[in-house]
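Below: one structure, written as structure tokens.
Throughout, protein chains are lettered first and strands after them, A, B, ... in sequence-line order, and every chain is numbered starting at 1. Computed from a predicted model, the values in this text were never measured in an experiment. Computation of the quantities below employed the complete heavy-atom set of this structure, encompassing side-chain atoms and omitting hydrogens, waters and symmetry-equivalent molecules.
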Amino acid sequence: MSVWFNPARELDALLRKVAPSVPGLDASFQPELRPSDPRHADFQSNGAIAAAKKAKANPRALATALVDAVKATGELDESLIQVEVAGPGFINFKLTPKALGAWLREYRDESKWRAGASRIMGGRKVVIDYPSPNTAKQMHVGHLRPIVIGEAVARLIEFCGAELVRDNHIGDWGTNFGILILAIKRAGFQLDAKSPTALEDLERLYKEGSVLTKADPAQLDAARAELARLQQGDAASLALWTEIVAVSNAACQRIYDQFGLKTDVILGESFYRDKVDQVYTELQSAGLAEESEGALVMWCDEEPRFSRHAETKMPFIVRKKDGSSNYASTDLATLLHRTEHFKADEIVYVTDGRQQDHFQQLFLNGAKWFRATDRKLPRLRHVWFGTILGEDGKAIKTKSGDPVRLQELIDEATERAFTAVTEKNPDLPEAERRAIAKSIGVAALRYVDLSSNRTMDYSFSWTKLLAFEGNTAPYLMYAVVRVRSIFRKNGIEPGQGEAGATDPETPTEIALARKLLGFTAALDQALEDLRPHHLCTYLHELAAAYGAFYAADSVLVDDPAVKARRLMLCARTTSIMECGLRLLGIEPVERM
RNA sequence: GUUCCCGUAGUUCAACGGAUAGAACAUUGGUUUCCUAAACCGAGGAUGUGGGUUCGAUUCCCGCCGGGGACACCA
């Protein structure tokens with residue numbers, strides 16, 4: 001028997017296979033296989049309990065029959081996986097030290113894990129939409145989330161075998177431009193793209209315009225007129241727009257560089273300016289869109305919230321009454337382009353949770369449109385995240401008050417990390433300390449954002465974002481540093497010195513080995529609904545298991561077999577930690 | 001008002017209907033002639049509220065209380 005990369009999946013398949021041969025079960029049997037509390041087992045199957053209820057059978061007896069059927073296949077090597085029925089009818093599977101040792105020897109590096117994980121999304125073409133900022137604003141702390149979550153989700157998808165296109169769908173064609181152009185004209189401002197304060201100037205002007213249009217409906221109409229002029233191709237407006245976008249993109253890129261973010265294409269809303277007419281035409285001829293209060297809208301009568309009969313009307317406005325496009329128009333055009341041009345099997349949108357209604361409408365209406373025009377709809381997923389709240393419990397916004405600038409946050413985190421690095425490693429050259437500090441500082445920031453469930457809101461706090469202890473990136477990075485230090489001391493690289501490695505033996509070795517195998521389950525879980533925090537939780541547990549092992553079991557011992565197996569455990573720990581950290585967008589360091 | 005999301009130790013967060021609700025910070029007791037103590041080992045401390053479904057509920061359903069978001073041409 002070859003060594004299973006993902007025992008949970010294999011056991012699940014095995015249980016499904018034998019179920020029809022067990023009296024009371026059939027092919028619809030759901031094993032409900034999942035990682036177990038390590039006090040009980042490595043994996044447990046709970047499906048027999050529910051199935052027994054359906055079949056009016058004794059759950060323990062059914063579970064036992066299932067176990068017997070599994071054993072009868074001869075596909076389960078009991079020297080590797082022990083199985084027993086427990087509690088009300090759980091089937092517990094426990095990996096033996098022999099199985100742990102075999103796995104560690106077989107799945108020794110990233111290429112092996114990639115190959116194993118590629119069964120999840122291999123052969124699929126995915127377009128991911130992130131970080132998609134609005135143009136002409138400085139990035140503030142609120143922009144941390146789409147960058148960091150989007151990047152982690154993208155890397156996870158790619159790791160699991162999908163062919164990925166990262167599309168930065170910037171907001172460069174909306175009413176905010178009307179407001180900005182209006183404000184620029186009013187102020188008689190001359191935009192100089194080379195000026196170091198160009199972006200600050202734009203932001204200030206936007207704020208002025210924003211205040212103005214809020215206070216005065218006539219000014220809002222003027223702003224809309226500016227946008228309409230731009231969308232109609234007015235040369236002067238276009239020239240100004242081009243410069244604004246250039247200034248904005250350059251500023252964003254400086255931030256992206258520091259987060260290691262590289263998108264493949266930047267196809268903002270403006271890219272679709274000549275593609276929205278097709279959308280209007282198709283929707284109208286299919287009878288899916290209609291005029292309402294001068295605008296072109298879509299209703300979803302099958303979904304009460306978006307029905308024309310709803311108490312509070314929420315139409316999907318596809319074209320504004322002045323004829324210009326909006327978010328909905330460009331998103332529909334974008335959907336079509338990604339389907340036809342990129343041949344997407346799946347599209348992932350990474351935005352904040354306030355846009356949930358919009359995406360539900362987009363997905364529903366997009367499905368109708370594609371059905372009417374006989375197109376195949378890709379799988380559409382909205383990966384949304386909660387808001388970073390200010391002290392008032394409200395979202396941190398550029399419009400109100402002055403939220404912390406993202407660059408300021410990066411600089412502060414880097415500075416604090418530099419102090420810590422200098423304290424710990426005063427002998428390292430300053431350039432190296434600076435580089436290490438930058439890695440740690442940025443890693444700490446992104447880890448805070450990734451380590452909690454993305455759908456939760458959280459309050460901005462300097463303390464939290466700059467914490468270096470506990471479940472933080474520096475803790476994980478430190479685990480890597482300690483492993484690597486062992487190899488450095490020994491004059492070898494991870495992966496060397498493993499010949500003759502025996503199976504894990506001490507409690508801490510076994511606990512570490514089991515945790516290493518848990519990588520596959522963590523990937524499954526993180527991929528399931530694209531929630532990177534599952535990977536964070538796993539890496540933290542792995543680092544903690546390594547910490548316990550490190551304290552209890554010396555690696556550099558005389559007994560060659562013991563030394564070899566501990567070096568193997570160290571090598572796998574550092575490789576999986578580094579691989580996992582990179583999936584989160586964090587680049588590990590050699591020393592800190 | 002309609003609707004969506006959320007409510008778990010002092011704090012910040014986990015828990016895909018499963019076994020004794022798991023961590024981190026903070027509090028507190030301990031560990032270093034030995035591979036980086038940014039570490040390790042231990043202690044105390046929690047499911048807003050009232051019902052329901054279930055063998056089993058933090059998880060699903062209903063009511064209430066509390067916080068946040070969206071709701072006609074912003075994205």
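The residue Glu423(A) sits apart from the nucleic acid: no heavy atom pair falls under 4.0 Å. At a threshold of 4.0 angstrom between heavy atoms, the contacts of Met477(A) with the nucleic acid are absent. Residue contacts shown for Phe90(A) include a base, since a base heavy atom lies under 4.0 Å away. Among the protein residues, Gly353(A) comes within range of no part of the nucleic acid, since none of its heavy atoms lies under 4.0 Å from any strand. Nucleic acid contact class of Asp553(A) (heavy atoms, under 4.0 Å, all strands): base. Within 4.0 Å (heavy atoms only), Ile49(A) reaches at least one base atom of the nucleic acid. Heavy atoms of Asn92(A) sit under 4.0 angstrom from at least one base atom. Residue contacts shown for Gln355(A) include a base, since a base heavy atom lies under 4.0 Å away.
The shortest side-chain heavy-atom distance between Leu581(A) and Glu587(A) does not fall under the 4.5 Å cut-off.
Across all strands shown, U3(B) pairs with G69(B); the Watson-Crick or G-U wobble distances both stay below 3.5 Å. Here G42(B) sits opposite U28(B) as a Watson-Crick or G-U wobble pair (both hydrogen-bonding atom distances under 3.5 Å). In this structure, G22(B) forms a base pair with C13(B), meeting either the Watson-Crick or the G-U wobble geometry with both donor-acceptor distances under 3.5 Å. U8(B) is unpaired under the criterion used here, namely a Watson-Crick or G-U wobble arrangement in which both key atom distances are under 3.5 Å. Applying the Watson-Crick and G-U wobble criteria (two distances, each under 3.5 Å), C34(B) pairs with nothing in any strand. Remark: G63(B) base-pairs with U49(B). Criterion, Watson-Crick or G-U wobble with two distances under 3.5 Å.
Among Arg565(A), Arg572(A), Arg566(A), the single residue meeting the salt bridge (Lys or Arg N to Asp or Glu O under 4.0 Å) criterion with Glu498(A) is Arg572(A). Of the options Lys320(A), Arg319(A), Lys321(A), a salt bridge (Lys or Arg N to Asp or Glu O under 4.0 Å) to Glu291(A) is made by Arg319(A) and by none of the others.
Distances shown here put a side-chain N or O of Thr175(A) below 4.0 Å from the OP1 or OP2 atom of C74(B). A close approach under 4.0 Å does occur between a side-chain nitrogen or oxygen of Lys320(A) and OP1 or OP2 of C74(B). Side-chain N/O atoms of His540(A) include none lying less than 4.0 angstrom from OP1 or OP2 on C13(B). Distances shorter than 4.0 Å separate some side-chain N or O of Arg34(A) from OP1 or OP2 on G18(B). Residue Arg354(A) places none of its side-chain N or O atoms closer than 4.0 Å to OP1 or OP2 of C4(B). The shortest distance between the side-chain N/O atoms of Tyr475(A) and the OP1/OP2 oxygens of C40(B) is below 4.0 Å.
The residues Asp449(A) and Arg446(A) are annotated as not salt-bridged, no charged nitrogen and carboxylate oxygen being separated by less than 4.0 angstrom. Here Glu590(A) pairs with Arg484(A) in a salt bridge; the nearest charged N to carboxylate O distance falls below 4.0 Å. Contact check on Asp42(A) versus Arg514(A) returns a salt bridge, with a Lys/Arg side-chain nitrogen under 4.0 Å from an Asp/Glu carboxylate oxygen.
Stacking between His533(A) and A14(B) is absent: the ring centroid is not both under 5.5 Å from the six-membered base ring centre and under 30° in plane angle.
Taking 3.5 Å as the limit, the base of A15(B) and the side chain of Thr537(A) contain no donor-acceptor pair of atoms between them. Evaluation of atom-type donor-acceptor distances gives no pair under 3.5 Å for the side chain of Asn46(A) against the base of A19(B).
Nucleotides U12(B) and U3(B) have their P atoms positioned 30 Å apart, rounded to a whole Å.
Trp173(A) has its CH2 atom 21 Å from the P atom of C73(B), to the nearest Å. When the P atom of A72(B) is taken as reference, atom CH2 of Trp299(A) falls 10 Å away, rounded to whole Å. Rounded to a whole Å, the CG atom of Asp331(A) is 10 Å from the P atom of A75(B).
Nearest-nucleotide assignment on RNA chain B puts the 5′-proximal partner with Asp37(A), out of Asp37(A) and Thr387(A). Residue Ile440(A) is the one, among Lys321(A) and Ile440(A), whose nearest nucleotide of RNA chain B lies closer to the 5' end (criterion: closest heavy atom).
Checking A14(B), A70(B), C35(B) against every side-chain atom of Met456(A), the shortest atom distance belongs to A14(B). Comparing C71(B), A24(B), C13(B) against the side chain of Asn471(A) picks out A24(B) as the nearest. Here the nucleotide nearest the side chain of Arg482(A), chosen from A39(B), C16(B), A72(B), is A39(B).
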Evaluate the side-chain hydrogen bond (donor to acceptor under 3.5 Å, both in side chains) criterion for residues Asp331(A) and Tyr272(A): first the C-alpha distance (whole Å), next the side-chain angles of each, then the deciding distance (0.1 Å), finally the verdict.
-> CA-CA 9 Å; Asp331(A) 267 359; Tyr272(A) 298 94; over 6 Å; no
